[in-house]
Chemist: 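Submitted below is the structure of interest, expressed as structure tokens.
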Amino acid sequence: MMSDCLFCKIIAGEIPSAKVYEDDAVYAFRDIAPMAPVHVLVVPKQHIASADGITPENSAYVARIFEVIPKIAAAEGLTNGYRVITNCGEDACQSVKHLHFHILGGKKLPDQMA
Ligand code: AMP
């Protein structure tokens, strides 16, 4: 755990969150400022700063996250599709420096990515 990391504090229960899923490696919770009817953040319990910090040593967390994402999507009723996004670094406007994947859905999303 990184003591100054918002998402590490959420995973530890030091900051409240609306949890939608948890196992030994993965935590998922509702985004506090949703940009779609369903907006869930999926994070590894191990602190990884961003997609730029994925290595052979920690990439199993990413695999676990992508095994969990379809389960969350199904539980949230996203039968017509959804978008998975990770923002990495300054140009992508990453605001929390703990790797996280946004699940967005529940409506037709804009077709442009940037
Ligand atoms: P990003 O801009 O990709 O780094 O995404 C960070 C996301 O975290 C944003 O969508 C924020 O709305 C969300 N966020 C920030 N603080 C919290 C919080 N305490 N609980 C839930 N989501 C949060």
Side-chain angles (χ1 to χ4, degrees):
M1 175 173 168
M2 291 271 285
S3 58
D4 61 345
C5 171
L6 172 64
F7 287 175
C8 282
K9 289 179 180 172
I10 285 177
I11 294 162
E14 295 173 10
I15 292 175
S17 66
K19 180 171 80 173
V20 299
Y21 179 88
E22 181 175 17
D23 64 28
D24 61 310
V26 178
Y27 191 84
F29 53 104
R30 297 195 190 283
D31 196 292
I32 203 166
M35 299 181 71
V38 174
H39 188 169
V40 172
L41 301 174
V42 192
V43 306
K45 286 190 169 176
Q46 175 181 301
H47 183 86
I48 301 169
S50 74
D52 218 31
I54 298 168
T55 66
E57 288 70 38
N58 64 26
S59 62
Y61 280 92
V62 180
R64 290 284 296 274
I65 284 171
F66 275 84
E67 291 168 15
V68 165
I69 284 172
K71 295 180 186 173
I72 295 173
E76 296 291 325
L78 300 179
T79 54
N80 207 38
Y82 55 91
R83 182 169 290 161
V84 179
I85 293 174
T86 190
N87 294 318
C88 178
E90 290 306 308
D91 279 1
C93 301
Q94 181 185 4
S95 60
V96 180
K97 306 303 189 267
H98 182 127
L99 178 65
H100 53 282
F101 294 87
H102 300 253
I103 303 175
L104 295 154
K107 69 172 187 181
K108 183 77 172 178
L109 299 165
D111 64 359
Q112 70 272 26
M113 290 295 290

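Small disclaimer: the values here were computed from a predicted structure and weren't measured. Ligands are counted one by one from 1 in listed order, and the atoms in each one are counted from 1 as well.
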Chemist: Quick one: nearest non-hydrogen protein atom to atom 10 (O) of ligand 1, plus distance?
Modeler: Asp31 OD2, 2.5 Å

Chemist: Just which atoms of ligand 1 are under 4.0 Å from any heavy atom in Ala33?
Modeler: 12 (O)

Chemist: Would you mind reporting whether Asn87 and Cys93 have side-chain heavy atoms less than 4.5 Å apart?
Modeler: no

Chemist: Which protein heavy atom lies closest to atom 16 (N) of ligand 1, and at what distance to 0.1 Å?
Modeler: Leu6 CD2, 3.4 Å

Chemist: Which protein non-hydrogen atom lies closest to atom 14 (N) of ligand 1, naming both residue and atom, and how far is it?
Modeler: Ile32 CG2, 3.8 Å

Chemist: Which ligand 1 atoms are under 4.0 Å away from a heavy-atom of Arg30?
Modeler: 21 (C)

Chemist: When you look for heavy atoms under 4.0 Å from ligand 1, do you find them on the side chain of Ile85, its backbone, both, or neither?
Modeler: neither

Chemist: In the structure I gave you, are the side-chain heavy atoms of Tyr27 and Phe7 within less than 4.5 Å of one another anywhere?
Modeler: no

Chemist: Starting from Ile48 and following side-chain heavy-atom contacts under 4.5 Å between hydrophobic residues (I, L, V, M, F, W, Y), which residues can be reached?
Modeler: Val20, Tyr21, Val26, Val38, Val40, Val42, Ile54, Tyr61, Val62, Ile65, Phe66, Val68, Ile69, Ile72, Leu78, Tyr82, Val84, Leu99, Phe101, Ile103

Chemist: Looking at ligand 1, does any of its N/O atoms fall within less than 3.5 Å of an N/O of Gln94?
Modeler: no

Chemist: Looking only at distances, please establish whether an N/O atom of ligand 1 is found under 3.5 Å from an N/O atom of His39.
Modeler: no

Chemist: If you define the side chain from C-beta out and look only at heavy atoms, does anything of His47 sit under 4.5 Å from Lys97?
Modeler: no

Chemist: What protein heavy atom is closest to atom 5 (O) of ligand 1, reported as residue, atom name and distance in Å?
Modeler: His100 NE2, 3.0 Å

Chemist: Would you mind telling me if ligand 1 is within reach of the side chain of Cys93, the backbone, both or neither, using heavy atoms under 4.0 Å?
Modeler: backbone

Chemist: Is there a path of hydrophobic side-chain contacts, each under 4.5 Å between heavy atoms of I/L/V/M/F/W/Y residues, joining Met35 to Ile85?
Modeler: yes

Chemist: List the atom of Pro16, the atom of Ile10, and the distance in Å for their closest heavy-atom pair.
Modeler: O-CG1, 4.5 Å

Chemist: For atom 2 (O) of ligand 1, which protein heavy atom lies nearest, and how many Å away is it?
Modeler: Ser95 OG, 2.9 Å

Chemist: Of all heavy-atom pairs between Ala36 and Leu109, which one has the smallest distance, and what is that distance?
Modeler: CB-CD2, 4.2 Å

Chemist: Is the closest heavy atom of Lys97 to ligand 1 under 4.0 Å?
Modeler: no

Chemist: Provide the closest heavy-atom pair for Gln94 versus Gly89 in the form atom of the first, atom of the second, distance.
Modeler: OE1-N, 2.9 Å

Chemist: Side chain, backbone, both or neither: which part of Phe101 comes within less than 4.0 Å of ligand 1 when only heavy atoms are counted?
Modeler: neither

Chemist: Looking only at heavy atoms, which two atoms of Asn58 and Gly53 are closest? And how far apart?
Modeler: ND2-O, 3.0 Å

Chemist: Relative to ligand 1, is Thr86 under 4.0 angstrom through side chain, backbone, both or neither, heavy atoms considered?
Modeler: neither

Chemist: Check for me whether Ile15 has a heavy atom closer than 4.0 Å to any atom of ligand 1.
Modeler: no

Chemist: State if Ser17 counts as touching ligand 1 under the rule of any non-hydrogen atom under 4.0 Å.
Modeler: no

Chemist: Taking only heavy atoms of Phe7 into account, list the atoms of ligand 1 that are under 4.0 Å away from them.
Modeler: 8 (O)

Chemist: When rounded to the nearest 0.5 angstrom, what distance separates NZ in Lys45 from CG in Asp24?
Modeler: 7.0 Å

Chemist: Could you check atom 19 (N) of ligand 1 against the protein and tell me its nearest heavy-atom contact, residue, atom and distance included?
Modeler: Ile10 CD1, 3.8 Å

Chemist: Taking only residues two or more places apart in sequence, or in another chain, which ones meet Ser50 in a side-chain hydrogen bond (donor to acceptor under 3.5 Å, both in side chains)?
Modeler: none

Chemist: Do Phe29 and ligand 1 have an N or O pair less than 3.5 Å apart?
Modeler: no

Chemist: Can you tell which of His102, Glu76, Arg30 makes a side-chain hydrogen bond (donor to acceptor under 3.5 Å, both in side chains) with His39?
Modeler: His102

